[in-house]
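To keep things clear, I will list the structure first and then write my remarks on it.
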Amino acid sequence: MATLLEGPPLATRIRVEVAEEVRELGGLGLVTLQVGEDPASTIYLRRKHEAAQGAGIQSEDRKLPSEISEDELLGVVAELNSDEAVDGILIQLPLPPHLDEARAIRAINPLKDVDGLHPFNAGLLYLGRPTLVPATPLGIMALLAEHRIPVEGADAVVIGRSDIVGKPIAHLLLQANATVTICHSRTVDLERRTLEADVLVVAVGSPEFVTADMVKQGSVVVDVGINRTEHGVVGDVASEAADVAAFMTPVPGGVGPMTIAMVLRNTVKAARYRRGLLAFPKG
Ligand code: NAD
């Protein structure tokens with residue numbers, strides 16, 4: 001039976017550390033922008049704000065009407081960029097179809113981009129000089145490090161190629177000297193790849209997408225999926241995979257709490273960059 005890589009103990013420790021750093025910095029500000037009322041987004045945001053406030057961060061959950069125009073949204077972002085009290089800006093995705101997500105993200109000051117999605121930050125990650133990196137991949141790497149799971153030299157397989165999870169975790173694993181394969185919806189013979197994986201990261205968004213027979217004996221399985229079903233929240237990996245893997249993240253209680261902790265850590269990092277306490281790579 002796999003050892004479970006539980007998120008809450010480490011996430012709680014990080015949140016306590018963040019609270020200490022926030023005190024040292026004399027306060028921090030985080031603003032999230034939500035356009036419209038997607039119920040799942042509302043839950044994620046509420047958790048982020050509760051955690052932020054628990055760590056002493058002034059956080060504002062700004063709700064914008066679903067019919068907001070692109071110019072109005074860009075105007076809000078510009079206002080937050082120039083607000084000295086705001087250290088971090090997070091635009092909750094997806095945006096309604098009439099808004100250009102890439103343009104909205106590009107409008108954020110890269111120094112306040114706590115989701116790490118701005119092309120400048122994504123480019124630095126690609127170059128191996130990470131700055132603000134998406135929170136979920138950071139949380140995964142922290143969990144692996146906490147459990148002293150060796151990544152160097154491992155065959156790592158990532159299923160999913162989103163900008164927020166799949167691509168950045170592949171880059172972080174590469175930086176940690178894993179041999180990385182990225183699989184996606186057009187991958188042929190997925191099982192052949194997953195059965196080779198010493199570290200398997202699954203970020204698909206499909207309940208129990210990875211079954212036990214796709215998992216290598218003694219491997220490490222990181223289940224990023226959050227799927228709301230009639231049986232409650234389930235991951236992308238069937239629970240029987242724990243009979244095959246040596247380590248596995250539970251859902252809920254694995255990667256999710258780590259994501260929230262890392263958003264807070266990113267907010268501290270953003271504040272340090274902007275206040276000149278940490279050097280921001282120039283590219
Ligand atoms: P996404 O929809 O942007 O990406 C899904 C990826 O899965 C795509 O890149 C696609 O190529 C791949 N995929 C789809 N069908 C496939 C198939 N048949 N075979 C192989 N690959 C396939 O999703 P995302 O934003 O990366 O999120 C993925 C999941 O992780 C979702 O369940 C989301 O809710 C969850 N999530 C959890 C956290 C957390 O903190 N735990 C954070 C972000 C996302």
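Just the heavy atoms: all of them, side chains too, but no hydrogens, waters or symmetry mates, feed the values below. In listed order, ligands and their atoms are each counted from 1.
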Non-hydrogen side-chain atoms of Q34 and L64 separated by less than 4.5 Å:
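Not touching, per the 4.5 Å side-chain cut-off.
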Electrostatic pair R192-D189, nearest N-O below 4.0 angstrom:
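Looking at R192 and D189, the cut-off is met.
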Note: E21-R265 ion pair, threshold 4.0 Å (strictly below):
no
Salt bridge (charged side-chain N to carboxylate O under 4.0 Å, His left out) partners of E60, counting only residues at least two apart
R62
For R47, the salt bridge (charged side-chain N to carboxylate O under 4.0 Å, His left out) test, sequence neighbours excluded, returns none
Contact set, ligand 1, heavy-atom distance under 4.0 Å, ordered by chain/number, equals Y44, T136, I159, G160, R161, S162, I164, V165, H184, S185, A203, V204, G205, F209, V224, G225, I226, N227, V255, G256, T259
Partner residues of Q175 under the side chain to side chain donor-acceptor pair (under 3.5 Å) criterion, sequence neighbours left out
none
